[in-house]
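As the structure is a prediction and not an experimental result, all values here were calculated from the model. So that the names make sense, note that chain A is the first sequence line, chain B the second, and so on, each numbered from 1.
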Protein chains: 2
Amino acid sequence: MESHAAAGAAPSPAIVFDTLFAYQRSAALCAAIELGVFGAIGEGLQDVASLARRCSASERGIRILCDYLTVIELLAKENGRYRHTTTSAVFLDPASPACVASTSRFLCNPKFADTFARLADIVRSGRTVMPGAGTVEPENPEWVEFANGMAPMMAPMAGPLSALVLKDVSGPVRVLDVAAGHGLFGIEVAMQNPQARIVALDWAAVLEVAKANAQKAGVADRYETLPGSAFDVNFGGPYDIVLLTNFLHHFDPDTCVGLLKKVHAVLKPGGQAAALEFVPNEDRVSPPVQAAFSLVMLATTASGDAYTFTELEAMYRQAGFERVTADPMPTGTHTVVIGRVS
Amino acid sequence: MESHAAAGAAPSPAIVFDTLFAYQRSAALCAAIELGVFGAIGEGLQDVASLARRCSASERGIRILCDYLTVIELLAKENGRYRHTTTSAVFLDPASPACVASTSRFLCNPKFADTFARLADIVRSGRTVMPGAGTVEPENPEWVEFANGMAPMMAPMAGPLSALVLKDVSGPVRVLDVAAGHGLFGIEVAMQNPQARIVALDWAAVLEVAKANAQKAGVADRYETLPGSAFDVNFGGPYDIVLLTNFLHHFDPDTCVGLLKKVHAVLKPGGQAAALEFVPNEDRVSPPVQAAFSLVMLATTASGDAYTFTELEAMYRQAGFERVTADPMPTGTHTVVIGRVS
């Protein structure tokens, strides 16, 4: 499956077939997570019969699934016994604090698969085939799934993002967390600055997840919620910091500028708006994760995109912001783009 | 997307997310083939506007799709213009004689995607969720799609397979091509040996494709067809060679042995049965393509598998064959396993 032609070798169609079959990798991983295979292996079960019993599955199914996971390097196999790889132990075993398996609830959502199955139609029309505005339709239940499942993907960025926005801020600080989702980013700001007060904005059903997380983190007394659409509700304020995490990419530049103006209006002098974004290079084809994200926006929104820094900077400036900067996150996938109010 | 952790680097969840998103690779390639993107690029169109016009698609859609194809190394981009990579020029441009794009008609069939979407259920029960026996249900229209689309994947093996089975044969030779599909293998035997007569067996609708291919190859006068199930029809004979290409993996060992006995009974002394198969190593997790194929059999059949050489040899011997040999094909993906009649 990894047999990209080596330099100088005869051209091979291997990468073509690997790509045509790639959907099976997603299916295998999602099935293994759903069946609890990685947890069972972490508990020390290593043979087909024990794993099948533990996962309430057939031996034939478990044997073929675990062999396939070994082929794609998400398990190891030796003398007929399966064990974790470094990756599966750290990121797929539910007993690991860095486990990201819950992200499959959002990422393997059949609605996305169904949408991508119609990608040719989407490319023809230039917009999602999902009803209305796609994933950003009001009260879309996908965002509850996102809030519940995606926190482990975002967690490694919460610390660095909070440190960045709090760097030049001292004393009491008011923060608006737009499209708060799981709430992780605002909560982390509250944890890093005991005088920070957070207002989390999202659909009401999503805010239940954020509120529960704020409670768990012990910052509930400094955590308010503001249910509704970022485009419609009154933000209140004024604020020192507005967080816009994984949000701007859902909309076209004009809509982003409109929102950024609304954000600018509720920021104090010296305040900052911090967007967490997939930011591809100007060539739009690198780095791979950031550039590839554009396809998700094509497939699931009416006019969103993975914007380059030049594009984001222009939006910020049109909305009245100054000194727009980009800080790559240590995960290597996201960038924090901050605009400041003079 | 290619960022598997380098040796010694901190563990990274990149391979997990790459796997969860892998279905988007299949979707992008299938959409590009359907829209004619690779043909348009081969015609010299390089910019988004021209490609969008040629493919009757939106500029936004084409831009994002072609950027994505560049990320997954199936196109190249320089100064905002797209061009073929070596792989896409040879294997995806319909003007190339080695083009395998038509395989997407079979491989991107939504029935397969829908089936893999239920992989957890399949692993639980140990068999396909498709109705009845899955892909091997009588008169399954998928096999017409297979015959029409998959020939370019199999074509590089037809020459070597025919040379192998004809190696020790001279003069008039009668060949039974079981589950002939596109007919390529039997047709190639007829082309390599002007005294060969072929009987092609498959569902009637599939044989129309094989017959048309025999006509095109100029061997129609030595090409007969035998419509029906390999398990039910009278094979006629006797034969010097029986071809069983991409067939045994759909069934359990007992069923394979039963069929091989039926084949043995219609072979002349000194005759041979040649199976073309994905044959994984005894560890069942290498080589990757052969080992991974087992998952396709889990998902789409009741009890098929990618069998090891030891297993295939045992089936042949149980059916009365001798001197069972394995010859890997130059594609690196398939092996020809031959059993001989004493």
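- Looking at S294(B), the atoms closer than 4.5 Å to chain A (heavy atoms on both sides) sit in the backbone and in the side chain alike.
- Listed options A52(B), A302(B), S286(B), G80(B) were ranked by heavy-atom pairs under 4.5 angstrom with chain A; first place goes to A302(B).
- With a 4.5 angstrom heavy-atom cutoff, L74(A) touches chain B only via side-chain atoms.
- E277(A) contributes a side-chain N or O that, together with a main-chain N or O of H249(A), makes up a donor-acceptor pair within less than 3.5 Å.
- Of the two parts of S125(B), only the backbone, made up of N, CA, C and O, holds a non-hydrogen atom closer than 4.5 Å to a non-hydrogen atom of chain A.
- Annotation: salt bridge (Lys or Arg N to Asp or Glu O under 4.0 Å) contacts of E59(A) (sequence neighbours excluded): none.
- In this structure, E34(B) contributes its side chain and L119(A) its backbone to no donor-acceptor pair below 3.5 Å.
- Between chain B and the residues D305(A), T86(A), L92(A), I33(A), the largest count of heavy-atom pairs under 4.5 Å involves D305(A).
- Comparing A291(B), S88(B), A98(B), A22(B) by how many heavy-atom pairs each has under 4.5 Å with chain A, the most go to A22(B).
- Top candidate by heavy-atom pairs under 4.5 Å with chain A, chosen from L298(B), T70(B), D114(B), is L298(B).
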- Item | T310(B)/E282(B) under side-chain contact (heavy atoms from CB on, under 4.5 Å): CA gap, chis, key distance, verdict | CA-CA 8 Å; T310(B) 301; E282(B) 299 300 324; 2.7 Å; yes
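- Put simply, of P156(A), G126(A), P152(A), A117(A), the one with the most heavy-atom pairs under 4.5 Å next to chain B is G126(A).
- Inter-residue side-chain proximity for V90(A) and H84(A) is flagged as unmet; no heavy-atom pair is nearer than 4.5 Å.
- R118(B) does not touch chain A: none of its heavy atoms, backbone or side chain, sits under 4.5 Å away.
- Neither the backbone nor the side chain of A299(A) comes within contact range of chain B, judged by heavy atoms closer than 4.5 Å.
- Side-chain contact check for D67(A) versus L75(A): every heavy-atom pair is 4.5 Å or farther apart.
- Of the listed residues G332(B), A89(B), A32(B), S303(B), the one with more heavy-atom pairs under 4.5 angstrom with chain A than any other is S303(B).
- Across all non-hydrogen atoms, the minimal contact from S58(B) to G61(B) is OG-N, 2.9 Å.
- Judged purely by distance below 3.5 Å, without hydrogens or angles, the side chains of T331(B) and T333(B) pair a donor atom with an acceptor atom.
- With a threshold of 4.5 angstrom between heavy atoms, D283(B) approaches chain A through N, CA, C or O but not through any side-chain atom.
- The stretch residues 63-114 of chain A participates, sequence neighbours left out, in these disulfide bond (SG atoms under 2.5 Å apart) pairs: C30(A)-C108(A).
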- Query: Does the pair F106(B) and F112(B) meet the rule for a ring pair (Phe, Tyr, Trp, His ring centres under 6.0 Å), with working shown?
  - Reply: CA-CA 9 Å; F106(B) 180 75; F112(B) 290 140; 5.3 Å; yes
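- For chain B, the nearby part of S56(A) is the backbone; its heavy atoms alone come within less than 4.5 Å.
- Interface summary for chain B: among V296(A), L69(A), L107(A), N79(A), the most heavy-atom pairs under 4.5 angstrom belong to L107(A).
- Among K77(B), R284(B), E78(B), M297(B), the residue making the largest number of heavy-atom pairs under 4.5 Å with chain A is R284(B).
- For an aromatic pair to be called close, the ring centres must be under 6.0 Å apart, and F293(B) with F278(B) satisfies this.
- Proximity to chain A (any heavy atom under 4.5 Å) is shown, for A28(B), by both the backbone and the side chain.
- Proximity of P287(A) to N281(A): side-chain heavy atoms (C-beta onward) are separated by under 4.5 Å at one or more points.
- Neither the backbone nor the side chain of P110(A) comes within contact range of chain B; no heavy atoms are under 4.5 Å apart.
- Looking only at heavy-atom pairs under 4.5 Å with chain A, the residue among A120(B), A101(B), C55(B), P280(B) that has the most is A120(B).
- Contacts between L29(A) and chain B at a heavy-atom distance below 4.5 Å involve the side chain alone, from C-beta outward.
- Ranked by non-hydrogen atom pairs under 4.5 Å with chain B, the options V100(A), D121(A), I122(A) are led by V100(A).
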